[in-house]
Amino acid sequence: MNTNSAAPSSKSRAGSSQSSETSFKRKRGVFQKELQHMMYGFGDDPNPLPESVALVEDIVVEYITDLVHKAQDIGSKRGKISVEDFLYLIRKDLPKLNRCTELLSMNEELKQARKVFESDEEKLRKVFEADEEN
């Protein structure tokens, strides 16, 4: 077993993330309202403690940041990040994977519905303009 080779990379990554956190100060409380609603939806008090919300926000932001960095590592081979990179990263977490694929398919359905609605709206506009001219 060669555990020494893995340890420096994880330490160097942790060190680099700490230095990037100090150089890049993120705005706290950006997701406060959404997290309060989500926490209430999962059984917390309607007005959870600000410390609890801040802790959950820190955990969520750290998770998302870590996921994006991993996706960048995967996508750097192609030169860009894609949705498939994220799906690949969560492939072993079936509830997350299923929810993501469900949301992606709903997003696609909404895009198609907007296209149909916009084209129908444009047709109606032309019909009304033609009626006004006559």
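From T101, atom OG1 reaches atom CE of M106 across 9.5 Å, with rounding to the nearest 0.5 Å. Here the straight-line distance linking atom NZ of K33 with atom CE of M38 works out to 15.0 Å at 0.5 Å rounding. A distance of 9.5 Å separates NE2 of H69 from CD1 of I81, quoted to the nearest 0.5 Å. I90 CD1 to N98 CG: the interatomic distance, rounded to the nearest 0.5 Å, is 9.0 Å. Taken from CG in L67 to CD in Q72, the straight-line distance is 11.0 Å, to the nearest 0.5 Å.
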Show which side-chain atoms of residues 39-48 pair as donor or acceptor with protein atoms under 3.5 Å away, not counting sequence neighbours.
residue: D45; atom: OD2; partner: N47; partner atom: N; Å: 3.1

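Between V56 and F31 there is no side-chain heavy-atom pair separated by less than 4.5 Å. Residues L104 and L87 meet the side-chain proximity criterion, which asks for heavy atoms closer than 4.5 Å. The closest side-chain heavy-atom distance from T65 to E62 is not below 4.5 Å.
A cation-pi contact, defined as under 6.0 Å to the ring centre and within 45° of the axis, is absent between R114 and F117.
Within the structure, salt bridge (charged side-chain N to carboxylate O under 4.0 Å, His left out) pairs that include any residue of residues 74-87 comprise R78-D85 (at least two apart or interchain). Pairs of residues two or more places apart, or lying in two chains, that qualify as side-chain hydrogen bond (donor to acceptor under 3.5 Å, both in side chains) and include a residue from residues 49-61 are R26-D58, R28-D58.
By the criterion of side-chain heavy atoms lying less than 4.5 angstrom apart, applied directly or through intervening Ile, Leu, Val, Met, Phe, Trp or Tyr residues, L49 is not grouped with V60; the two fall into different hydrophobic clusters. Criterion: ILVMFWY side-chain heavy atoms under 4.5 Å apart, direct or through other members. Under it, L35 and V30 are part of a common hydrophobic cluster. Under a hydrophobic clustering in which Ile, Leu, Val, Met, Phe, Trp and Tyr are joined whenever their side-chain heavy atoms come within less than 4.5 Å, directly or via other members, I64 and V83 fall into the same cluster. L94 and Y63 end up in the same hydrophobic cluster when Ile, Leu, Val, Met, Phe, Trp and Tyr side chains are linked at under 4.5 Å.
Remark: D93 engages K96 in a side chain to side chain donor-acceptor pair (under 3.5 Å) (not counting sequence neighbours). Among residues two or more places apart in sequence or in another chain, the side chain to side chain contact (heavy atoms under 4.5 Å, CB included) test is passed with S76 by none.
Residues L97 and R91 come closest through the heavy atom pair CD2-O, 3.8 Å.
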CA sep, side-chain torsions, deciding dist, call: Q112, K115, side chain to side chain contact (heavy atoms under 4.5 Å, CB included): CA-CA 5 Å; Q112 291 173 358; K115 264 188 198 176; 5.5 Å; no
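Here I59 sits in one hydrophobic cluster together with L55; the rule is ILVMFWY side chains under 4.5 Å apart, joined directly or through other members.
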